[in-house]
Amino acid sequence: MAAPVEILSRLLWVRDAAALPDKALADQLGLEVKALTTLVAAQPDRFPETLVFHLTAEERQHIPDAPVLAFTEAGAALLTGLVPGHEPALLTLLPAFAEARHVLTAQAELSLRVTALEQKLEVVLKLLQGEEVEGVPKQRPIGFITDQNLPHGLKSGQRDAKKG
C-alpha cells in the first residue's frame, strides 16, 4: 500500500476538492481503470458528481495521463463493498487519503501564516527605514519640545504653569 506522501503526490485539486485520479486509485486497488470506470458508470446514483468527477476535456489537458474520473475521499470510500476482495486495500487507502488531505490543509494554513508574517515584516522594515506607515502613529522626537510639537490646544505658557 502506498504511503501518504505518494498519495499526496498523486492528488489533484479539482473543483475546490482534493481528488485521486482514476488511474492512481485503480493502481492502489490492483484494478484496471476500465473496470473502475465501468463500475461507476453502472451505478450513477451511488456516485454523484460531487464525489466522483467526470473530468472535462479542459481539466484533462492540465493533468498528466489525462484521467477520465477523479475520486474524492468520500467517492473512494463508496467503493467499499462494491469491489469484491479489495476491501482491505480500500480500508488502508482511506486513512492515507485523509492524512494527505490534512497535509494539504496544513500547507494552506502555513501559507496564510507566512503571508501575514511577510506583511508584518514589511511594516517593520518601513518603520526602520523611517518611512511613514498607515495606521502607525508618528513618533515624537526625544528632547526639547517646541510650540509646534505641543499637544493640540496646549501653549507653552500653560505648560510652564503646569510644571510649577
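Each residue takes its place number in the sequence, starting with 1.
Residues F53 and V33 do not share a hydrophobic cluster, clusters being chains of Ile/Leu/Val/Met/Phe/Trp/Tyr side chains in contact below 4.5 Å. With hydrophobic clusters built from ILVMFWY side chains whose heavy atoms lie under 4.5 angstrom apart, L31 shares a cluster with F47. Clustering ILVMFWY residues whenever any of their side-chain heavy atoms sit less than 4.5 angstrom apart, transitively, puts L78 in the very cluster that holds V40.
Side-chain atoms of E109 and T105, non-hydrogen and from C-beta on, do get closer than 4.5 Å to each other. At a threshold of 4.5 Å between non-hydrogen side-chain atoms, the residues L69 and L36 do not count as touching. Contact of the L79 side chain with the L25 side chain is registered, since non-hydrogen atoms from C-beta on lie closer than 4.5 Å.
Here the OG1-NE2 distance, from T56 to H54, works out to 12.5 Å after rounding to the nearest 0.5 Å. A distance of 8.5 Å separates CD of E32 from NZ of K23, quoted to the nearest 0.5 Å.
Formation of a donor-acceptor pair under 3.5 Å by the S111 side chain with backbone atoms of Q107 is not found in this model. In this structure, the side chain of D22 engages the main chain of V68 through a donor-acceptor pair within 3.5 Å.
Counting non-hydrogen atoms of neighbouring residues, nucleotides and ligands closer than 6.0 angstrom, the CD atom of E58 reaches no more than 12 such neighbours.
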